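This report refers to the structure that appears directly beneath it.
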There are 2 protein chains.
Amino acid sequence: MSRRIPQARDRGIPDATVARLPLYLRALNGLAERGTPTVSSEDLALAAGVNSAKLRKDLSHLGSYGTRGVGYDVQYLIYQISRELGLTQDWAVAIVGVGNLGRALANYGGFVSRGFRIAGLLDADPRVVGDRISGLVVEHTDELEAVIKKRGVSIVVIATPASAAQQVCDRVTAAGVTSILNFAPVVLTVPDGVDVRKVDLSIELQILAFHEQRKANGGPIMSEEWPDGVVM
Amino acid sequence: MSRRIPQARDRGIPDATVARLPLYLRALNGLAERGTPTVSSEDLALAAGVNSAKLRKDLSHLGSYGTRGVGYDVQYLIYQISRELGLTQDWAVAIVGVGNLGRALANYGGFVSRGFRIAGLLDADPRVVGDRISGLVVEHTDELEAVIKKRGVSIVVIATPASAAQQVCDRVTAAGVTSILNFAPVVLTVPDGVDVRKVDLSIELQILAFHEQRKANGGPIMSEEWPDGVVM
DNA sequence: CCGACTTTGTGCATCGCTTCACAAAGCTAC
DNA sequence: GTAGCTTTGTGAAGCGATGCACAAAGTCGG
């Protein structure tokens, strides 16, 4: 996406690395809770479920924060990764769509270990508006733009039905939001510069089904190209 | 993972392609509902949010199902992709952990367009056991192995707290399940041959935060390496 | 101060996915 | 049958991520 010129101290961290940093952070937090002062790339990689060479290369993109012969200082590395991910500041998040999923997200314990704060819950259904969920009152989607501006919302979670998702998306991007987490099963169209991440249960299940089928037999039965002699 | 020998009609479909097939399928279903008989790679790619060359290469892995000068027959392509993904059969899915998230998943409308059927809802909390959710009665996790065997469950969704996830995982894999969709924020350890897919809200938010921070300034403030003069 | 040991950081080869660009294939009109 | 148009399927180049393997850098005991 972003076109960058490689530099001496290149701040362009590969996407694949960024996607793994939260994993390392979680593993490190576990170690910190148990009071572990330092950790080797080997052990941290094991805890995060990746191989150690990859872990070292990932961390090398942030800087040279390890000590040869010793490993990484757990607290220091937690701080560096948190800073890189932007978790040293609080992000105001609004959740649009307070159905089953929206409620589940709103109640998600502590809303992920620090860094994020639910600043608004919105729904289009008048019967839901006014409900109190984990300390917040659900507001009507008419207030969407006002809530975003008033409370400095920079990340919006879309947990609406598929049919409403694009419209919500258009409104929040128009209101200046540039980061969206989409749970609705649709491909969102957004202006340049807006990041959308998608979480899609049905896609995940379908990928699992594919592999499951592969395990059962060697793939689909090749002789059967179309059922019951359907003609083209 | 699986070591394959390339063949004339290679059935080894790249992972990246498999991950996109459900997207194409969804777009095709939308077209089918509107009665569109055929579609070009260009139009289908647009609807699925990918570029057309990639779409054509993806579809070419399934076989040669298009007609030059015309495009793809919508119905036929739906059938071929469904078959490849293993959606022409029904998969029995069990959901373990009926908290907010488990309920949201259980109520997920029609449980994704065909191919999957919820065969069990299980929870360790006696206060939840016996609840009726979208036509199913919640059973106790003591019954886990029995439910899996009795109802031919082949895919398990883990929606438990993080602390219970590995234990549930161990039990279901021991019971013969080889496909797991994990919503708990932990790295699951599984035997060879078991597929785990992970859905993790906090990771997605952290990735968004990273990019959001990049947009705001040119990255973290480099001068500040550690706050308040903390000594190492 | 030295030598043995540990562990990081990285150059390099490799792999898999993406994208381009175009020949081959099929359609329609005449 | 042929010309002209459309669109697929794919060879090949490009690009980024992975993993190996090792030199560099640091620790520790004596």
Side-chain angles (χ1 to χ4, degrees), chain A residues 1-21 23-24 28 31 36-74 76-77 80-81 207 232, chain B residues 1-21 23-24 28 31 36-74 76-77 80-81 207 232:
Chain A
M1 297 300 131
S2 60
R3 217 156 304 283
R4 298 193 75 271
I5 301 97
Q7 288 168 244
R9 176 60 168 283
D10 192 354
R11 305 300 301 161
I13 299 177
D15 286 349
T17 294
V18 173
R20 282 188 294 266
L21 290 179
L23 226 53
Y24 304 152
L28 285 165
L31 291 168
T36 315
T38 64
V39 65
S40 69
S41 63
E42 197 70 49
D43 291 348
L44 183 53
L46 193 69
V50 301
N51 103 21
S52 66
K54 182 149 53 182
L55 173 84
R56 287 198 299 278
K57 185 148 291 187
D58 282 344
L59 294 184
S60 76
H61 285 114
L62 312 189
S64 200
Y65 295 142
T67 307
R68 296 172 192 229
V70 178
Y72 300 89
D73 181 280
V74 172
Y76 187 58
L77 196 51
Q80 290 299 345
I81 294 179
I207 295 171
M232 299 272 319
Chain B
M1 297 299 132
S2 60
R3 215 158 305 284
R4 300 194 72 271
I5 301 95
Q7 288 170 243
R9 176 63 169 280
D10 194 352
R11 305 300 304 161
I13 299 177
D15 286 348
T17 295
V18 173
R20 282 187 295 265
L21 290 180
L23 227 52
Y24 304 152
L28 285 164
L31 292 168
T36 314
T38 64
V39 65
S40 69
S41 64
E42 198 69 50
D43 292 348
L44 183 53
L46 193 70
V50 302
N51 99 22
S52 66
K54 182 150 54 181
L55 174 91
R56 286 199 299 278
K57 183 143 288 187
D58 283 344
L59 294 185
S60 76
H61 286 114
L62 311 190
S64 200
Y65 296 143
T67 306
R68 295 171 193 230
V70 178
Y72 300 89
D73 181 280
V74 172
Y76 187 57
L77 196 52
Q80 290 299 345
I81 294 179
I207 294 170
M232 301 274 316

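Predicted, not measured: the structure shown is a model, and the values here were computed from it. A note on names: the letters A, B, ... follow the listed sequences, proteins ahead of strands, and every chain is numbered from 1.
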*asked:* Please encode protein proximity along nucleotides 22-30 of chain C as a string of B, S and -, counting only heavy-atom distances under 4.0 Å.
replied: --BBSS---
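- Checked against side chain to side chain contact (heavy atoms under 4.5 Å, CB included), A:T67 has the following partners two or more places apart in sequence or in another chain: A:V70.
- When the C1' atom of C:dT7 is taken as reference, atom CG of A:L77 falls 15 Å away, rounded to whole Å.
- When the nearest nucleotides of DNA chain D are assigned to A:P14 and B:E42 by heavy-atom distance, the more 5′-ward of the two goes with B:E42.
- For the atom pair OH of A:Y72 and OG of A:S40, the computed distance is 9.0 Å after rounding to the nearest 0.5 Å.
- Straight-line distance from the NZ atom of A:K54 to the P atom of C:dT14: 19 Å, rounded to whole Å.
- Put simply, the side chain of A:T38 never gets that close to the backbone of A:G71: no donor and acceptor are under 3.5 Å apart.
- Look at B:Y72 and you'll find a side-chain N or O under 4.0 angstrom from OP1 or OP2 of D:dG9.
- Rounded to an integer number of Å, the gap from A:I13 CD1 to D:dG16 P is 16 Å.
- Residue A:N51 holds its CG atom at 11.0 Å from CG of A:L46, rounded to the nearest 0.5 Å.
- The base of C:dT19 sits within donor-acceptor range of the side chain of B:K57, with an N or O pair under 3.5 Å.
- Residues A:L44 and A:V39 share a closest heavy-atom pair of N-CG2, 3.7 Å.
- Counting to the nearest Å, the P atom of D:dG9 and the CG atom of B:L55 are 10 Å from each other.
- Note on A:S41: every side-chain N or O is 4.0 Å or more away from OP1 and OP2 of C:dT7.
- For the pair A:N51 CG and C:dT8 C1', the interatomic distance rounds to 14 Å; values are reported in whole Å.
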*Dump the intermediate steps for side-chain contact (heavy atoms from CB on, under 4.5 Å) on A:L55 and A:Y24, then the final yes or no.*
CA-CA 8 Å; A:L55 173 84; A:Y24 304 152; 3.4 Å; yes
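- Residues A:A48 and A:L23 come closest through the heavy atom pair O-CD2, 3.6 Å.
- Between the P atom of D:dT7 and the CG atom of B:L59 lies a distance of 16 Å, rounded to the nearest Å.
- In this structure, CG of A:D15 is placed 17 Å from P of C:dC17, rounded to the nearest angstrom.
- Remark: P of D:dT8 and OH of B:Y24 are 13 Å apart, rounded to the nearest angstrom.
- At least one side-chain nitrogen or oxygen of B:S64 sits closer than 4.0 Å to the OP1 or OP2 atom of D:dG9.
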